[in-house]
Amino acid sequence: MNLNTDSNHKERVDGVGIYIHIPFCKQACFYCDFHFSTSLKKKDELIDALIVELELRKSEFENDTVATIYFGGGTPSLLSLEEIETILKAVYDNYSVIENPEITLEANPDDLSETKILELAKSNINRLSIGVQSFFEADLKLMNRAHNATEAKHCLELATQYFDNISVDLIYGIPGATHEQWQENIQTVLDFNIPHISSYALTVEPKTALATLIKKGKIEDVDEVHAEAQFHMLINQLKEAGFIHYELSNFSKPGYFSINNSAYWKGKKYIGIGPSAHSFSGESRSWNISNNSKYIQAIQLKTLPSEIEILSVNDKYNEYVMTGLRTIWGVSLETIVAVFGSDFKTYILAQADKYLNEELLYIEDNNLKVTTKGKFLSDGIASQLFKI
Ligand SMILES: C[S@@+](CC[C@H](N)C(=O)[O-])C[C@H]1O[C@@H](n2cnc3c(N)ncnc32)[C@H](O)[C@@H]1O
Ligand code: SF4
C-alpha cells in the first residue's frame, strides 16, 4: 500500500527508508522507555549483527531504491566515525541507494565535541538530530540527561558551523519549568538559526524511573493543562519565526522537512535494523526483539528475531487516519475512496461530524484536518474515527 499517491501532497517522497537502531546510551534518562543498554560491552558484536541483518534482508528492497537512512536510538553519536561508516558501507553494498540520500544521525550534546562534529561533517551524514530537550540545568537534572546547559548551547554553536540540516529536540510540560523558561528554550534554538524542531510533551511512561519518582512524591506530576499551554506557545512562537507545523510534534523552515519521517507518515515502506526496530512492508508490520544478546544470538544463526503482524484493511485505515490527522496533509478523502472504498469515506465523515461541528476538525480541498484548537487532542480524535 502506498498512500503517497495524493496529487495534493506537496512533499512527495520517492524511495524507501532504512532505520538503524543503536541501542546504547551513556545513562538512562528518567522518562525514557526506548530500547537501550548503558553497558557498551556488546557494542562490537552488535555492530557486526547490524551488518549481517542488512545483508539478510536485502531481498525485501530488491525492487526499491533507498532514499533515507536514519541512525536512531539509543544514542548513535556514541559510535565512532569508523563504526558509522562500516554500517553505511553495508547499506551501500546491499541496497540500491539514490545519489544524495538523506542520512540522519541522532546525537546527544555531550558527544558533540568539535573533533566529533568535524569527523561527522566529513562523512556522508548530512542531517543531525540533536537531543537538547532544555537549556535549563534544573530540567536536565530532573530528567537525568547526561549533558548540561552549557554543553547544549556549545554543541549548537559548533554544529551550525559545519551542518546546515539540523533538527533540535525539545521537551515541554516539564514539572517546575515556567512558561517564560519554555519560551526562552524555543528562542535559544531560534537564535542559533536551527531550521527544524521536534518537540514532545513529557510523557510519564509506565515502569520508568520518572513514574516511580512521581509515585513517591519526589518529582511533581506532569500537568496536562500546563503542557497544553506550552504546546500552543510553541505553535505560535514558531509560526511567527516562519516555521511550518507539518506534523504534530515537528516544525520546519521551508525545505527542511524530515524526508525520513515524512515517508513514514505517508505509509512508505521502511525496514528497521537492530534490536527493537520496527519495519513496514506495505502489507505487514514487524518488529525485532528488544534484547541485545538475544538479537545478536539470532542474527549469528542467520535468523531474524522478529514478530510479524499482517495488517487487515481496518488496521491500514486506522493507521492512515492516525498518522494523517497528525500531519499538515491531513486525511485525504480521495485516498480513502481510492484505497479503502467509498464505505470508508461515508464512515469517516459520519464519525467526524461531531468534531467538525466543534471546530476541532475541518475539511480543506477534500482533506480532513485538525484545527489549531484540535491539535493537542489529535490522537484522541483519530481514535474516535477508527474502524474496529
Ligand atoms: C528516544 S530519543 C533518541 C535520541 C537521543 N538519544 C536523545 O535522547 O535525544 C528520541 C526523542 O524521544 C524523546 N522522548 C523519549 N521518551 C520521551 C518521553 N517519555 N517524553 C517525551 N519525550 C520523550 C527524547 O527526549 C528524544 O528527544
Ligand atoms: S532519551 Fe535518548 S539518551 Fe535518554 S535514555 Fe532515551 S534514548 Fe537514551
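Read the numbers this way: they start at 1 and go in the same order the structure lists the ligands and their atoms.
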For atom 3 (S) of ligand 2, the closest protein heavy atom turns out to be N108 ND2, 3.2 Å
Closest to atom 6 (Fe) of ligand 2 among protein heavy atoms sits C32 SG, 2.3 Å
Check this for me: does any side-chain nitrogen of one of E319 and R285 sit under 4.0 Å from a carboxylate oxygen of the other?
yes
Here the atoms of ligand 1 under 4.0 Å from any heavy atom belonging to E106 are 3 (C), 4 (C)
Notebook entry, point to check: Heavy atom of G74 under 4.0 Å from ligand 1?
Noted result: yes
At under 4.0 Å between heavy atoms, what of R145 touches ligand 1? The answer is side chain
The atoms of ligand 1 lying under 4.0 Å from a heavy atom of T75, numbered in the order shown, are 6 (N)
Margin query: Determine whether Y264 and Y19 satisfy the following criterion, side-chain contact (heavy atoms from CB on, under 4.5 Å), listing intermediate values before the conclusion.
Written below: CA-CA 11 Å; Y264 167 77; Y19 171 87; over 6 Å; no
* Asked: Is it true that G74 lies under 4.0 Å from ligand 2, counting heavy atoms only?
  -> yes
Atoms of ligand 2 under 4.0 Å from any heavy atom of Y31, numbered from 1 in the order shown, are 1 (S)
Requested in this report: Salt-bridge test for K116 and D111: reply yes if a basic N is under 4.0 Å from a carboxylate O, no otherwise.
Outcome: no
Between A152 and F135, the two heavy atoms sitting closest are CB-CD2, 3.8 Å
**OP:** Could you verify whether a donor N or O on one side chain and an acceptor N or O on the other, from D33 and T208, lie under 3.5 Å apart?
**Re:** no
Heavy atoms, side chains only, cut-off 4.5 Å: are S96 and F61 in contact? no
task: Flag yes if more than 12 heavy atoms outside E309 fall under 6.0 Å of its CD atom; otherwise flag no.
output: yes
Residue, atom and distance of the protein heavy atom nearest atom 5 (S) of ligand 2 read C29 N, 3.4 Å
| message | Hydrogens and angles aside, do E62 and Y95 bring a side-chain donor and acceptor to less than 3.5 Å of each other? | response | no
For atom 20 (N) of ligand 1, the closest protein heavy atom turns out to be T203 N, 3.1 Å
Counting from 1 in the order shown, the ligand 1 atoms closer than 4.0 Å to a non-hydrogen atom of Y200 are 21 (C), 22 (N)
Item to check | Short side-chain donor-acceptor distance under 3.5 Å, R57 and S279 | outcome: yes
* To do: For atom 4 (Fe) of ligand 2, decide whether C25 has an N, O or S atom at a distance under 2.8 Å.
  => no
For G131, the atoms of ligand 1 under 4.0 Å from one of its heavy atoms are 9 (O)
Closest heavy-atom pair, A90 versus L54, reported as atoms and distance to 0.1 Å, is CB-CD1, 3.8 Å
closest protein heavy atom to atom 14 (N) of ligand 1 is Y31 CE1, 3.7 Å
**Study point:** E60 CD: over 12 foreign heavy atoms closer than 6.0 Å
**Key:** yes
- Does the side chain of Y31 come within less than 4.5 Å of E205's, by heavy atoms? no
The atoms of ligand 1 lying under 4.0 Å from a heavy atom of L202, numbered in the order shown, are 20 (N), 21 (C)
Atom 2 (S) of ligand 1 has as its nearest protein heavy atom G73 O, 4.4 Å
Requested in this report: Please step through salt bridge (Lys or Arg N to Asp or Glu O under 4.0 Å) for the pair K316 and E283, ending with a clear verdict.
Outcome: CA-CA 8 Å; K316 290 180 197 168; E283 296 308 318; 2.4 Å; yes
Between S37 and N292, do the side chains contain an N or O donor and an N or O acceptor separated by less than 3.5 Å?
no
Q. Do we see a donor-acceptor contact under 3.5 Å between the side chains of N144 and Q27?
A. yes
If you compare K26, E106, R145 by their heavy atoms, the one closest to atom 2 (Fe) of ligand 2 turns out to be R145
Going by the 4.0 angstrom heavy-atom rule, the piece of A201 near ligand 1 is backbone
Taking only non-hydrogen atoms of F34 and a 4.0 Å limit, the atoms of ligand 1 in range are 1 (C), 15 (C), 16 (N)
Of all protein heavy atoms, the one nearest atom 24 (C) of ligand 1 is Q133 NE2, 3.6 Å
Near D169 (heavy-atom distance under 4.0 Å), the atoms of ligand 1 are 11 (C), 26 (C), 27 (O)
Going by the 4.0 angstrom heavy-atom rule, the piece of F34 near ligand 2 is neither
Note: N108, heavy atoms under 4.0 Å from ligand 1, region reported as side chain
Atom 22 (N) of ligand 1 sits nearest the protein heavy atom I171 CD1, 3.6 Å
Logged contact type for D33 with ligand 1, heavy-atom cut-off 4.0 Å, is neither
